[in-house]
Novice: 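The structure follows.
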Amino acid sequence: MEYNFGEIEKKWQNYWKQNETYKTDIDKNKPKYYVLDMFPYPSGAGLHVGHPLGYIASDIFSRYKRLKGFNVLHPMGYDAYGLPAEQYAIQTGQHPAVTTKINIARYREQLEKIGFCYDWDREIRTCEPDYYHWTQWAFIQMFNHYFDIKLQKALPVSSLVKAFETTGTEGIQAYCTEEFSFTAEEWNSKTEKDQQETLLNYRIAYLADLKVNWCPALGTVLANDEVSEGLSVRGGHPVEQRVMRQWSLRVSAYAQRLLDGLDKIDWTESLKETQKNWIGRSEGAEMKFKVKGQGEVLEVFTTRADTIYGVTFMVLAPESELVKVCTTTEQAANVETYLAATKKRTERERIADRRVTGVFSGSYAINPVSGTEIPVYISDYVLAGYGTGAIMAVPAHDSRDYAFAKYFNLPIIPLIEGCDVSEESFDAKEGIMINSGFLNGMTVKEAITAAKKYVAEQGIGRVKVNFRLRDAIFSRQRYWGEPFPVYYKEGMPYMLDEIKLPLELPEVDKFLPTEKGEPPLGRAKGWEVDGFPLELNTMPGFAGSSAYYLRYMDPKNDKALVSPEANQYWRNVDLYIGGTEHATGHLIYSRFWNKFLFDLGVVCEEEPFKKLINQGMIQGRSNFVYRIKDTNTFVSLNLKDKYETTQLHVDVNIVSNDILDIEKFKNWLPDYASAEFILEDGKYHCGWAVEKMSKSMYNVVNPDDIVEKYGADTLRLYEMFLGPLEQSKPWDTNGIDGVHRFLKKLWGLFFKDGNLLLTDEQPNADELKTLHKTIKKITFDIENFSYNTSVSAFMICVNELFTLKCSKKAILEPLTILLAPFAPHIAEELYHVLGNEGTVCDAQFPICNEAYLVESSVKYPISFNGKVRFMLELPADMSKEEVERTALANEQTIKQLDGNSPKKIIVVPGKIVNIVL
RNA sequence: GCCCGGAUGGUGGAAUGGUAGACACGAAGGACUUAAAAUCCUUUGGCUUCACGGCUGUGCGGGUUCAAGUCCCGCUUCGGGUACCA
């Protein structure tokens with residue numbers, strides 16, 4: 001009987017499906033374990049061989065945990081809303097729901113072939129009404145809550161309203177866009193509309209006029225993490241700044257908790273570091289500078305209060321409201337010109353062009369500590385969105401201020417003893433203060449503390465913590481997303497009654513903006529409730545992915561996002577595997593979302609993902625052919641330098657071990673049908689390079705083809721064998737034969753020439769040692785996600801058993817179970833061949849018995865000055881002294897010593913002997 | 001610029017401070033076969049030697065140590081993230 005993987009895999013995949021082997025329910029008699037993959041966006045291209053890498057890793061761990069007696073939740077679903085389907089719809093008229101459905105079906109088919117242990121009954125799709133029902137529900141809760149600064153948690157807006165009605169803003173510590181101050185009387189006399197407008201200032205989901213990233217090509221705004229270097233992450237289109245009235249989530253209110261939570265979770269340091277930087281906490285002081293001859297005050301934020309004596313000018317962001325106030329009539333024209341020029345520049349241009357620009361406002365501010373008068377400038381190197389949108393410039397100790405001062409010829413006052421600021425600023429926070437009044441003689445650190453204290457005591461300002469993390473813009477001017485459960489009355493937003501959820505996405509005639517420039521939902525007929533118009537924006541991509549891990553716990557619940565029972569059993573994700581590209585987007589948003597739900601008491605764990613592993617990227621390995629210029633002749637790699645050639649990508653699927661299949665090449669593209677070749681030893685050798693896996697490089701490998709040719713078990717093993725899970729590595733199908741041979745060899749331990757070789761004989765010491773050594777190694781490797789070395793360990797084990805000609809049940813049965821997480825199909829087949837009933841998934845993971853591993857003797861490497869010269873086999877229990885004596889007495893040692901006496905002898909029992917000459 | 005990762009044969013990679021290159025791929029040679037496929041055996045870091053062996057070797061330069069791919073310091077270089085964040 002041959003190893004017929006095709007038949008075996010089909011057979012057991014059917015069996016698992018029929019027997020609901022992977023169906024999961026709450027079982028309070030077993031400890032739970034929740035393994036989650038970052039769910040995919042189902043693109044039209046289908047899966048390539050890089051996508052399943054993380055899924056295979058998590059699948060192995062899930063199966064392992066199950067064999068260890070855990071009740072494992074391992075679900076899969078689809079992040080089904082998104083731009084590509086909508087772009088495609090705009091081009092073709094095909095409804096995005098239709099393409100999405102087709103793509104999902106294709107993904108499902110591809111995933112099923114690989115033999116994952118997903119509980120498909122729990123599958124979710126973010127674009128399904130019974131799923132986005134709860135996305136809309138969460139949004140309503142966010143609208144109805146505000147963040148209390150003192151308690152550091154979300155509270156109902158209704159209690160805030162009660163406070164306003166009785167005591168106004170007195171004593172209120174609510175996280176808000178703008179500090180308001182009003183009495184109860186003032187509140188009560190406001191109109192409904194005014195009250196609603198005021199409340200938006202506090203709500204966690206709020207509507208506000210914001211400077212947003214507008215992407216004209218996509219016709220929508222984008223969140224900060226969806227923009228990179230001034231271009232949209234999806235599509236690479238230019239992005240510009242624009243002020244628009246948009247929904248936002250007050251993520252920044254949770255900044256401190258998002259930061260603190262990082263200490264409690266098992267993520268890689270680099271990922272935590274990325275989040276820390278994105279949150280960007282900085283401690284400093286907010287200080288007030290009076291504008292000369294006016295009542296106005298400029299507020300600035302600084303982390304270097306100690307440099308107050310070195311402030312030689314102020315700078316306002318062009319968008320700052322204070323620009324108007326500070327601009328004098330004489331300077332008005334210049335300022336106007338500058339503002340116009342700045343506005344025209346896109347984010348990208350500003351990043352690319354680092355030239356100093358700016359304009360004098362005409363006003364002067366007064367240094368609150370030294371009393372000196374300093375000019376106020378306007379420049380776009382100051383950002384409106386961070387701090388107060390205004391800075392005190394200390395050119396001696398800040399490189400940006402320095403460049404500005406040099407350009408405008410402003411004074412530069414050094415504040416640190418011995419620093420040279422003639423060529424560049426001294427940015428380091430070290431040294432002794434000079435030119436700084438009462439701070440003179442202090443170290444920088446002391447001065448920062450002293451200055452902050454002084455500022456607070458003198459009423460010049462206050463100590464403040466600032467965060468870089470900004471609120472998440474939540475509106476998209478697109479069709480293919482969750483509709484907001486929002487309608488408008490007198491221009492004010494109101495939430496739909498929860499009973500009316502889900503608010504389903506309406507049909508439209510075209511997926512384009514309306515003639516008036518409204519989003520596509522403006523085309524929907526009857527898009528209103530009780531005569532009030534519904535919101536025309538839809539939610540962004542991260543809306544649906546922010547709480548999907550909760551929905552898997554209870555995916556069919558139509559009363560709640562998740563029942564308390566399910567949530568308290570499954571709690572949170574124990575192991576989350578996915579790409580590092582979500583470090584600042586999804587992984588911040590879902591932590592925020594989860595914390596909010598935690599505050600509401602809907603979920604019982606504050607952090608959603610306990611342990612997180614980033615799988616590395618699978619890169620492509622491209623192949624090249626070399627065409628001689630102006631001909632249709634192709635020259636083999638090592639001869640190409642004799643000609644003038646053009647390097648062309650060739651489909652890696654018609655190349656094997658870098659040798660081109662010439663017939664397939666001729667049939668590949670019409671141009672090549674008449675191609676001629678200059679070969680080396682009768683073969684065409686291709687060049688190669690590691691590049692991104694993409695269609696245009698012709699280096700995409702489809703897992704279906706691999707499964708077809710080698711089987712799913714081989715694919716699974718080979719993906720793991722490629723290298724460490726977390727590292728990036730190129731996919732090269734060439735090596736796959738090795739793991740396939742391994743499976744055949746394993747099969748060969750069971751069958752030879754169609755006969756079953758299995759025996760009930762008692763295993764001997766060597767066989768037991770091989771088995772238990774492997775059990776130990778595999779257990780350790782799985783726990784440490786070192787799957788590449790486990791595959792090697794399996795190979796070594798089978799090679800040894802092959803040499804021992806071992807076909808004993810007592811050895812092969814535990815080995816089969818050990819292999820089941822990695823290669824479930826062949827393991828299931830062999831488990832039944834061994835005479836078992838049921839499924840290998842419910843077996844018990846073997847336990848290593850150290851007694852079989854004890855060695856009676858040790859081969860000591862005998863080294864001289866650290867260089868190994870020969871081996872000496874000695875009894876394992878020989879004492880240190882005895883080993884030393886025996887080694888020294890050895891004739892090879894005597895030869896090495898050559899009459900000299902050793903200076904020192906190191907004996908590490910069981911390891912090594914080193915003789916120092 | 002700043003913050004993270006890496007760098008080991010022709011290739012992917014392995015190595016609690018203790019024999020560098022496990023395990024694979026590829027290559028070369030051989031067995032079986034009419035032939036091919038499949039399978040099996042041998043060799044395979046470099047230099048050197050008929051051989052035993054010797055020398056050398058983990059990006060570069062220092063250091064710690066009886067012993068360094070591994071620890072420390074200083075570079076080079078390649079990836080990834082982030083960027084006027086005051």
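Quick note on labels: first sequence line is chain A, next is B, and so on, each numbered from 1.
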Novice: Where along nucleotides 19-32 of chain B does protein come under 4.0 Å, by heavy atom, of base (B) or sugar-phosphate alone (S), with - for untouched nucleotides?
Specialist: B--BBSSS------

Novice: Base, sugar-phosphate, or nothing: which does Lys903(A) touch, judged by heavy atoms less than 4.0 Å apart?
Specialist: nothing

Novice: Does the plane of the ring in Phe822(A) sit parallel, tilted or perpendicular to the ring in Tyr787(A)? Use 30° and 60° as the thresholds.
Specialist: perpendicular

Novice: Which string of ( ) [ ] | and . matches RNA chain B, if you list each base 5' to 3' and count Watson-Crick or G-U pairs only when both distances are under 3.5 Å?
Specialist: (((((((..(((.....[....)))((((((.......))))))((((....))))..(((((..]....))))))))))))....

Novice: For nucleotides G6(B) and G10(B), find the distance between their P atoms and express it as a whole number of Å.
Specialist: 23 Å

Novice: Are Glu855(A) and Lys769(A) ion-paired here, with the side-chain N under 4.0 Å from a carboxylate O?
Specialist: yes

Novice: Between C4(B), U11(B), C84(B), spot the one nearest the side chain of Asp380(A), thanks.
Specialist: C84(B)

Novice: If we take the P atom in both G13(B) and A28(B), what is their distance in whole Å?
Specialist: 24 Å

Novice: Donor-acceptor pairs are to be reported for all side-chain atoms of residues 906-917 of chain A against protein atoms at under 3.5 Å, with residues two or more places apart or in another chain.
Specialist:
{"unit_1": "Asn914(A)", "atom_1": "OD1", "unit_2": "Ser863(A)", "atom_2": "OG", "d": "3.1"}
{"unit_1": "Asn914(A)", "atom_1": "OD1", "unit_2": "Asn865(A)", "atom_2": "N", "d": "3.4"}
{"unit_1": "Asn914(A)", "atom_1": "OD1", "unit_2": "Gly866(A)", "atom_2": "N", "d": "2.9"}

Novice: Describe the nucleic acid contact of Ser399(A) in one word from base, sugar-phosphate, nothing, applying a heavy-atom distance below 4.0 Å.
Specialist: nothing

Novice: Centres of the Trp731(A) and Tyr718(A) rings: under 6.0 Å?
Specialist: yes

Novice: Using a cut-off of strictly less than 4.0 Å, decide whether Ser282(A) has a side-chain nitrogen or oxygen near OP1 or OP2 of A86(B).
Specialist: yes

Novice: Ile862(A) CD1 to G18(B) C1': how many Å, rounded?
Specialist: 12 Å

Novice: Determine, using ring centers only, whether His740(A) and Phe5(A) are less than 6.0 Å apart.
Specialist: yes

Novice: For C52(B) and A27(B), measure between their P atoms and round to the nearest Å.
Specialist: 28 Å

Novice: Counting only side-chain heavy atoms from C-beta out, which of G13(B), U56(B), U82(B) sits nearest to Pro724(A)?
Specialist: G13(B)

Novice: Quick check: on RNA chain B, is the nucleotide nearest Ser270(A) upstream (toward 5') of the one nearest Gln727(A), or the reverse? Name the residue that is more 5'.
Specialist: Ser270(A)

Novice: Please give the distance between the P atoms of G69(B) and G18(B) as a whole number of Å.
Specialist: 10 Å

Novice: Sticking with atom C1', work out how far C66(B) lies from U42(B), rounded to a whole angstrom.
Specialist: 39 Å

Novice: Look at the side-chain N and O atoms of Lys904(A) and state whether any lies under 4.0 Å from the OP1 or OP2 oxygen of C66(B).
Specialist: yes

Novice: Assuming nearest nucleotide by heavy-atom distance, tell me which of Lys777(A) and Asn865(A) is located more 5' along RNA chain B.
Specialist: Lys777(A)

Novice: For G9(B), does the O4'-C1'-N9-C4 or O4'-C1'-N1-C2 angle fall within 90° of 0, making it syn, or is it anti?
Specialist: syn

Novice: Who pairs with Asp266(A) by salt bridge (Lys or Arg N to Asp or Glu O under 4.0 Å), at least two apart in sequence or on another chain?
Specialist: Lys611(A)

Novice: Base, sugar-phosphate, or nothing: which does Arg470(A) touch, judged by heavy atoms less than 4.0 Å apart?
Specialist: base

Novice: Under 4.0 Å between a Lys/Arg side-chain N and an Asp/Glu carboxylate O for Lys744(A) and Glu2(A)?
Specialist: no

Novice: Could you label the plane-to-plane angle of the Phe408(A) and Phe404(A) rings as parallel, tilted or perpendicular, counting under 30° as parallel and over 60° as perpendicular?
Specialist: tilted

Novice: For atom P, what is the distance between A35(B) and G45(B), given to the nearest Å?
Specialist: 32 Å

Novice: Below 4.0 angstrom, N of the basic side chain to O of the carboxylate: do Arg462(A) and Glu286(A) qualify?
Specialist: yes

Novice: Going by salt bridge (Lys or Arg N to Asp or Glu O under 4.0 Å), name the residues that satisfy it together with Lys776(A), two or more places apart in sequence or in a different chain.
Specialist: Glu850(A)

Novice: Kindly write out the residues that satisfy salt bridge (Lys or Arg N to Asp or Glu O under 4.0 Å) with Asp781(A), not counting sequence neighbours, or none if the list is empty.
Specialist: Lys777(A)

Novice: From the list C66(B), G12(B), U39(B), which nucleotide is the closest neighbour of the side chain of Leu722(A)?
Specialist: G12(B)

Novice: So what does Lys911(A) hit on the nucleic acid, given a heavy-atom distance under 4.0 Å: a base, only sugar-phosphate, or nothing?
Specialist: base

Novice: Which is true for Lys744(A) with a 4.0 Å heavy-atom rule: it touches a base, it touches only sugar-phosphate, or it touches nothing?
Specialist: sugar-phosphate

Novice: I want to check one thing: is the phosphate of C66(B), taken as OP1 and OP2, less than 4.0 Å away from some side-chain N or O of Lys867(A)?
Specialist: no

Novice: Contact class for Val916(A) vs. all strands (heavy atom < 4.0 Å): base, sugar-phosphate, or nothing?
Specialist: sugar-phosphate

